[in-house]
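First the structure, in the form of structure tokens, and then the observations on it.
Starting from 1, each residue takes its place in the sequence as its number. Hydrogens, waters and symmetry mates play no part in the numbers below; they use all other heavy atoms, side chains included. For clarity, every value in this text was computed on a predicted model and none was experimentally measured.
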Amino acid sequence: SKKLENIPVIILAGGKGERYEGPIPKQLSLINKKPIIIHLINYLSNQGFKNFIIPLGANASKFINYFKRNEKKNFKLKNEINLNWFNAGINVTKSERIYKSRKILKDTSHFCVCYGDILADVNLNKSLTILKKKNYEATLFGYFENSNFGHLKYKKNQVVNFVEKPKMNDPINIGFYMFKSNLIKLFKNKKNELETEIIPKIIKRKKLGIVIHKSFQYTVNTKKDFNNLINKLKKDKGFKKTIYE
């Protein structure tokens, strides 16, 4: 989409990743010889995005080493893009990393934010269209996830129904955002964390839109999640084709 060419994408990959056991950050874990974060960039660039910003944090040196080693190979990217990365500091929040990216945002009417450890075939052009049509300040993607547990319905002390891992009643936030550029000022206060302060403020103004994502999404938090993702790719050809080929 031509609409997305000038909209920068800030990829958050600066956390400590303490739940992920391994010598490299989870975003650099290889699938089909490419790190997760490169698969994400390739997918988004196929949609039309050209400008990517990665404000680094705790594992900055490992990302920088990877980028420097693979710069001549163009990081195994499919499309011609602008990739900017910088060290935003170790003990900084997501909001601080977003705000420190403002100098690279330049003159743009919107910007995107997403996490570097999640893969999903989201349609960000659709989120931009809804944002403009409804005059929202931001949009995000919701996903109806299955529960990890069996759910019981009961009356007094008698079980009347049991459903194994049903769809949850409310969608989860899967971490792909579209913001109007003037909202960057909300991130200036480092106490204004993205999910706990900024999103509620936009909701209070009735200016946050949602796109319900009905296809697939996958987040890598732990090594177990990564291994499950590898197994999913072996079994689900549609997932592999959409994200990785």
Side-chain angles (χ1 to χ4, degrees), residues 1 3-4 7 9-13 15 19-20 26-27 36-37 39-40 43-44 46-47 49 93-95 98 110-153 161-180 183 186-187 192-222 224-226 228-229 232-233 235-236 238-243:
S1 172
K3 297 177 184 178
L4 304 177
I7 297 178
V9 180
I10 300 173
I11 300 178
L12 298 174
R19 288 183 290 172
Y20 190 84
K26 55 189 174 181
Q27 299 90 343
I36 290 174
I37 196 169
H39 288 298
L40 172 64
Y43 179 75
L44 294 176
N46 284 341
Q47 287 198 32
F49 291 101
T93 65
K94 290 189 286 291
S95 291
I98 292 169
H110 301 83
F111 66 95
C112 287
V113 174
C114 66
Y115 303 122
D117 58 3
I118 182 168
L119 295 167
D121 58 338
V122 293
N123 185 340
L124 281 152
N125 189 47
K126 185 175 182 180
S127 71
L128 178 63
T129 299
I130 290 174
L131 187 151
K132 290 181 176 180
K133 185 177 180 180
K134 299 291 186 179
N135 195 29
Y136 290 135
E137 293 178 337
T139 52
L140 51 70
F141 283 82
Y143 181 81
F144 284 95
E145 192 170 50
N146 286 83
S147 170
N148 289 324
F149 307 96
H151 286 220
L152 299 166
K153 288 188 178 181
N161 192 29
F162 171 75
V163 181
E164 177 65 7
K165 298 182 179 180
K167 287 281 186 185
M168 303 292 282
N169 292 327
D170 298 310
I172 63 169
N173 170 23
I174 59 174
F176 288 87
Y177 304 91
M178 180 78 72
F179 293 101
K180 282 189 173 180
L183 290 189
L186 292 180
F187 297 88
N192 283 347
E193 190 52 291
L194 176 59
E195 295 91 351
T196 55
E197 280 83 27
I198 292 176
I199 292 302
K201 284 182 180 181
I202 302 172
I203 292 172
K204 191 174 182 179
R205 296 201 290 253
K206 299 181 179 180
K207 289 293 185 178
L208 181 65
I210 186 171
V211 179
I212 297 299
H213 182 60
K214 295 182 179 180
S215 187
F216 47 76
Q217 62 83 33
Y218 199 92
T219 302
V220 176
N221 287 317
T222 65
K224 181 179 178 181
D225 292 333
F226 179 74
N228 288 340
L229 175 59
K232 182 175 177 65
L233 288 170
K235 298 176 182 178
D236 190 337
F239 188 90
K240 180 177 179 180
K241 182 177 180 180
T242 303
I243 300 293

[X] versus [Y], closest heavy-atom pair with distance:
X: Ile172; Y: Gln217; answer: CD1-NE2, 4.4 Å
X: Ala120; Y: Ile174; answer: CB-CD1, 4.4 Å
X: Gly116; Y: Ile11; answer: CA-CG2, 3.6 Å
X: Ser147; Y: Met168; answer: CB-SD, 3.3 Å

Any [X] side-chain heavy atom under 4.5 Å of [Y] side chain:
X: Ile130; Y: Met178; value: no
X: Leu194; Y: Thr93; value: no
X: Leu124; Y: Phe49; value: yes
X: Asn135; Y: Lys207; value: yes
X: Phe176; Y: Val211; value: no
X: Asn221; Y: Lys26; value: yes
X: Asp121; Y: His213; value: yes
X: Val113; Y: Leu12; value: yes

- request: Test Ile118 against Val220 for side chain to side chain contact (heavy atoms under 4.5 Å, CB included), laying out the working first.
  value: CA-CA 6 Å; Ile118 182 168; Val220 176; over 6 Å; no
field: Atom NZ of Lys126: over 12 foreign heavy atoms under 6.0 Å
entry: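 Not buried by this count: 12 neighbours or fewer within 6.0 Å.
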- request: Take atom CG of Asn169 as the centre, draw a 6.0 Å sphere, and report whether it contains more than 12 heavy atoms from other residues, nucleotides or ligands.
  value: no
Check whether any side-chain N or O of [X] sits under 3.5 Å from a backbone N or O of [Y] as a donor-acceptor pair, and report yes or no.
X: Gln47; Y: Val122; value: yes
X: Lys167; Y: Phe144; value: yes
X: Ser95; Y: Asn192; value: yes
X: Asp225; Y: Thr222; value: yes

task: Kindly determine whether Phe111 and Ile98 satisfy side chain to side chain contact (heavy atoms under 4.5 Å, CB included), including the steps that lead there.
output: CA-CA 10 Å; Phe111 66 95; Ile98 292 169; 4.2 Å; yes
- prompt: Under the 6.0 Å and 45° cation-pi test, does Lys214 pair with Phe141?
  reply: no
task: Run the numbers on Tyr177 and Ile199 for side chain to side chain contact (heavy atoms under 4.5 Å, CB included), then give the verdict.
output: CA-CA 10 Å; Tyr177 304 91; Ile199 292 302; 3.8 Å; yes
Could you measure the distance from the [atom1] atom of [X] to the [atom2] atom of [Y]? Nearest 0.5 Å is fine.
X: Thr139; Y: Ile210; atom1: OG1; atom2: CD1; value: 10.0 Å
X: Glu193; Y: Ile198; atom1: CD; atom2: CD1; value: 7.5 Å
X: Lys132; Y: His110; atom1: NZ; atom2: NE2; value: 5.5 Å
X: Phe216; Y: Tyr143; atom1: CZ; atom2: OH; value: 9.5 Å
X: Cys114; Y: Leu140; atom1: SG; atom2: CG; value: 13.0 Å
X: Phe162; Y: His151; atom1: CZ; atom2: NE2; value: 9.0 Å

message: As a quick check of understanding, evaluate side chain to side chain contact (heavy atoms under 4.5 Å, CB included) for Tyr218 and Phe226, giving each step before the final call.
response: CA-CA 9 Å; Tyr218 199 92; Phe226 179 74; over 6 Å; no
